[in-house]
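Encoded as structure tokens, the structure appears first; notes follow it.
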Amino acid sequence: MTNRNNITLESYREIAPKGTIDLAYCLAERLKGKSILHVNSTRAGGGVAEMLHRLVPVLNGLGIRTRWEVIEGTPLFYQTTKGFHNALQGQTQTITKEMYDEYIKINQKNAEKISFDSDLAVIHDPQPAGIVITYEKPKTAKWLWRCHIDISRPHRKVWNFLKGYISKYDGAIFSLPNFSQKLDIPQFLMYPSIDPLSDKNKELSNEDIDGIVSSYNIPRDKPIILQVSRFDRFKDPLGVIEAYKLVKKYNDCYLVLAGGEATDDPEGLQVLQEVKDAASNDKNIFVLVLPAEANLEINALQRAATVILQKSTKEGFGLTVAEAMWKGRPVIGGAVGGITVQIIYGQTGFTVNSIEGCANRIRYLLNNSEVLADLGQKAKEYTRRNFLITRHLCDYLALMTHLLNIK
Ligand code: UDP
């Protein structure tokens with residue numbers, strides 16, 4: 001039996017596309033003894049934490065010393081960084097001087113606590129981006145800022161503030177070409193990934209799926225429409241409910257909205273309340289608030305669902321989209337950010353621009369089971385080739401080889 005700790009690169013040989021594992025070994029061989037430090041702002045909740053939980057042990061298993069540090073903040077700091085997040089994704093936000101000062105102060109404090117001793121440091125997202133300024137790094141060490149959010153049209157004031165920090169890095173990584181910015185540092189493209197062997201994505205028996213789904217009192221006598229997402233406005237849970245209500249006029253089905261809170265997101269509770277209010281008069285809508293460790297539960301819900309939505313209005317890259325596709329489910333997603341490269345319209349799912357469009361595509365799939373199965377199958381294979389951890393690992397190793405000038 002495999003668990004989180006004894007999974008090695010070899011465990012993926014039968015799952016990853018042919019050649020990927022050997023390529024990773026070759027790349028890693030020349031990097032043995034080198035070290036990587038990842039820094040982000042939460043150990044649970046959201047896509048970054050999800051990816052680091054497995055990338056870190058697999059890199060260590062390859063002889064590359066890899067650490068993961070999480071910064072600590074105050075409520076005002078998280079309020080500020082949530083404001084940054086919203087502003088970078090294009091929303092108008094008011095960030096006061098007190099908030100900017102808090103951002104600087106908390107980043108300095110964390111910089112004093114964290115040991116940055118590593119050949120490569122990857123600092124994820126805006127929250128810890130500011131630690132770069134306070135640390136005098138050795139000349140040989142490289143620092144990258146990895147941006148996971150949709151930064152195609154950032155609010156200028158906030159971006160200009162952050163840019164002061166970002167330009168101190170040796171490079172920036174974005175999840176999509178059109179998120180790149182005018183910067184004097186090299187910019188790299190790297191798609192995120194999912195782990196097919198994690199509890200979130202591994203195969204489950206029908207008994208396990210039934211058991212988990214029934215533990216939430218969700219019946220399985222009608223198709224289940226599912227969206228798994230933090231309760232965040234950019235994920236548009238209220239739009240999902242509207243789309244479901246349109247579908248419901250013609251097709252009987254259940255809607256499950258499953259989410260939890262990221263510890264660095266102070267807005268979640270408010271959005272959750274709005275979702276509960278919107279769902280309150282329909283007993284066929286299930287709003288589930290899941291703890292961070294509910295990986296098997298999310299896996300089972302995705303496998304029990306007939307159609308999976310990710311109706312985001314902004315999305316750096318939807319890990320939930322890849323997770324659903326890996327389970328052979330076509331996804332209907334907002335035509336934004338990373339979702340536009342994950343979903344190939346009419347082949348692995350559908351991208352949509354409105355509530356009506358979303359409802360229309362849900363109905364199309366519910367009414368055409370052969371199309372649904374065909375798209376689902378293609379979605380799985382597309383994910384295998386493009387969005388698994390093994391490809392992501394090779395990207396990191398190749399980039400590290402390049403940056404550290406390994407011959
Ligand atoms: N997730 C989770 N519990 C939840 C909601 C989300 O474990 O209640 C996971 C989800 O399965 C996915 C990740 O968190 O792995 C979300 O990543 P995504 O890129 O879709 O969105 P983000 O939250 O990073 O904006």
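All ligand and atom numbering here is 1-based and tracks the order in the structure. Please read these numbers as outputs of a predicted model, since none were measured by experiment.
Contacts with ligand 1 closer than 4.0 Å are made by no heavy atom of Asp232, backbone or side chain. The side chain of Glu315, and not its backbone, has at least one atom closer than 4.0 Å to an atom of ligand 1 (non-hydrogen atoms only; side chain from C-beta on). With a 4.0 Å heavy-atom cut-off, ligand 1 is reached by the side chain of Glu323 but not by its N, CA, C or O.
On a distance-only criterion, Gly47 and ligand 1 share at least one N/O pair closer than 3.5 Å. Between Leu319 and ligand 1, at least one N/O pair is under 3.5 Å apart. An N or O contact shorter than 3.5 Å links Thr320 to ligand 1 by distance.
Annotation: cation-pi geometry not satisfied between Arg384 and Trp326 (NZ/CZ under 6.0 angstrom from ring centroid, within 45° of ring axis). A cation-pi arrangement is not found for Arg391 relative to Tyr191, the charged atom failing to lie both closer than 6.0 Å to the ring centre and inside a 45° cone about the ring normal.
Close approach to Gly260 involves these atoms of ligand 1, each under 4.0 Å from a residue heavy atom: 4 (C), 8 (O). Set against the non-hydrogen atoms of Phe317, the atoms of ligand 1 under 4.0 Å away are 19 (O). For ligand 1 and Gly318, the ligand atoms under 4.0 Å from any heavy atom of the residue are 19 (O), 20 (O).
Side-chain atoms of Asn201 and Asn299 form no donor-acceptor pair, as typed in the model, at a separation below 3.5 Å. A donor-acceptor contact under 3.5 angstrom links the side chains of Ser312 and Gln310, judged on distance only.
Annotation: Lys109, atom NZ; neighbour count of heavy atoms from other residues, nucleotides and ligands within 6.0 Å does not exceed 12.
Among His85, Lys235, Lys314, the residue whose heavy atom sits closest to atom 22 (P) of ligand 1 is Lys235.
Using the six-membered ring where Trp is involved, Phe77 and Tyr103 have ring planes that are parallel, under 30° apart on the 30 and 60° scheme.
One finds the OG1 atom of Thr80 at 4.0 Å from the CE atom of Met99 (value rounded to the nearest 0.5 Å).
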